[in-house]
2 protein chains.
Amino acid sequence: MLREDVTEAIRTAVFEELAAVGYARMSIEGIARRAGVGKTAVYRRWKSKLALVLDLVSAVAAEGLPAPATGSLYGDVRALLEVAAHALRHPVASQVVPDLLVEATRHPEIADAIRAALLDGQHGVAAAVVRDAVARGELPEETDVDRALDLIVGPLYWRLVVVRGALPAGYLDGLAQSAVAALRA
Amino acid sequence: MLREDVTEAIRTAVFEELAAVGYARMSIEGIARRAGVGKTAVYRRWKSKLALVLDLVSAVAAEGLPAPATGSLYGDVRALLEVAAHALRHPVASQVVPDLLVEATRHPEIADAIRAALLDGQHGVAAAVVRDAVARGELPEETDVDRALDLIVGPLYWRLVVVRGALPAGYLDGLAQSAVAALRA
DNA sequence: TCACGACGGAACGGTTGCGTAGCGACGCAC
DNA sequence: GTGCGTCGCTACGCAACCGTTCCGTCGTGA
């Protein structure tokens, strides 16, 4: 019986290590060190760094994403941005996500895991939002879900992760407003 | 006198190595190997991996960015997107840029270099586009340049670098149209 | 022609991480 | 109380790079 508290300590350490040094530099030794655990304890649970990360990403995927249903396109978009901003402002997530995205181009398994954990979930939520908006007559029938996602999340991701700029009060409101206008165009 | 052809071979190798393995995994030995050059030749020119990369990024910065002046906001935005899409579809750039952006959070010097090389240039171009549009009455006086950049480049970056999705025909046209609508909202 | 300097290559000692093995200690089930 | 499995820890041989040093070679300018 593997001790659950040790397993949890390792999981936590992996996230911290991933944020601190990135996937490429992350080592099993470093994880064990940070977790206050022997290397053996890690190897007894996962066979490699890749397997370890894939397992954690999949665990995140299982959490799911709340689907907004506020009754208006603006409301739904605003809610979606709120969730996204909350996630991307988290210091660990905002570091780990782009790091793994880059690494994904070198490891197809990571790409698959990220797709399943993040992108698919987002796509599902966006599809529901678009479907509802079409039903209400707020959007044309032929609205493309992927394009909608680009327009809604893209600007926020750019600001928070690429430029790493501030998020002034009212920014999300304006962004939601702009996104709705963009979707209608 | 350092031989220019050797210097150039090293520069090329760094870009390739950066794209292939990323900054974290990149080694001086690997660069020299790829360039078909002795380690000595590299160390004779740059004192470290960081100095080497900073020098290359600065060189890119010196190239500058063309400022569109098509006479309409839509035309300017469309042109800007064309340039950005061209850059981000380049296999090396689309790998190196996000990699260095992540690394920038760990090395302030890289953050500064990237800012000088890419973000400042973009900001300048966007400022000119917004200024012209305001002068033509296409945009309100108080339009924020950073927000405009988020709305224009964000969706494209998201699609090309994050989702790594295709760029169907007419996508940029639609995106430019949406961005203009978003800016006016 | 000759001296100088950059060249590629090999080797140096040192560090770090790999994945594995063996250690005694501890805790839990029977 | 006895055994079994996991625990943290140390050590192993191996590999990759680090940054430096010393070769012998080659091209160029004086």
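The sequence lines fix the lettering, A, B, ..., with proteins before strands; numbering per chain opens at 1. Everything quoted here is computed from the prediction, not taken from an experiment.
- B/Asp150 and A/Arg159 are joined by a salt bridge, as a carboxylate oxygen and a charged side-chain nitrogen come within less than 4.0 angstrom of each other.
- Neither OP1 nor OP2 of C/dT16 sits under 4.0 Å from any side-chain N or O of A/Arg33.
- The separation between A/Glu4 atom CD and D/dG5 atom P is 20 Å, rounded to whole Å.
- Across all non-hydrogen atoms, the minimal contact from A/Val145 to A/Ala127 is CG1-N, 3.7 Å.
- Looking at B/Trp46 and B/Val14, their side chains never come closer than 4.5 Å, going by heavy atoms from C-beta outward.
- In this structure, the CE atom of B/Met26 is 14 Å from the C1' atom of D/dC18, given to the nearest Å.
- Other residues, nucleotides and ligands place no more than 12 heavy atoms under 6.0 Å from the CZ atom of A/Arg115.
- Consecutive Watson-Crick or G-U pairs involving DNA chain C, each under 3.5 Å on both distances, make up stems of three or more pairs at C:1-30 with D:1-30.
- Considering CG of B/Asp99 and CG of B/Leu101, their distance stands at 9.0 Å, rounded to 0.5 Å.
- If A/Glu29 and A/Val37 are placed on DNA chain D by their nearest nucleotide, the residue sitting closer to the 5' end is A/Val37.
- At a threshold of 4.0 Å, the pair A/Asp55-A/Arg45 does not count as salt-bridged, since none of the basic side-chain nitrogens sits closer than that to a carboxylate oxygen.
- Across all strands, A/Gly30 comes closer than 4.0 Å to no nucleic acid atom at all (heavy-atom distances).
- Regarding A/Leu52, its CG atom lies at a distance of 11 Å from the P atom of C/dC18, rounded to whole Å.
- In terms of polar N and O atoms assigned as donor or acceptor, the side chain of B/Lys39 never comes within less than 3.5 Å of the base of C/dG9 in a complementary pairing.
- Not one side-chain nitrogen or oxygen of B/Arg3 sits closer than 4.0 Å to the OP1 or OP2 atom of D/dG27.
- B/Thr40 contributes a side-chain N or O that forms a donor-acceptor pair with the base of C/dG9 under 3.5 Å.
- Contact annotation: B/Arg44 side-chain N/O to D/dG19 OP1/OP2 distance is not under 4.0 Å.
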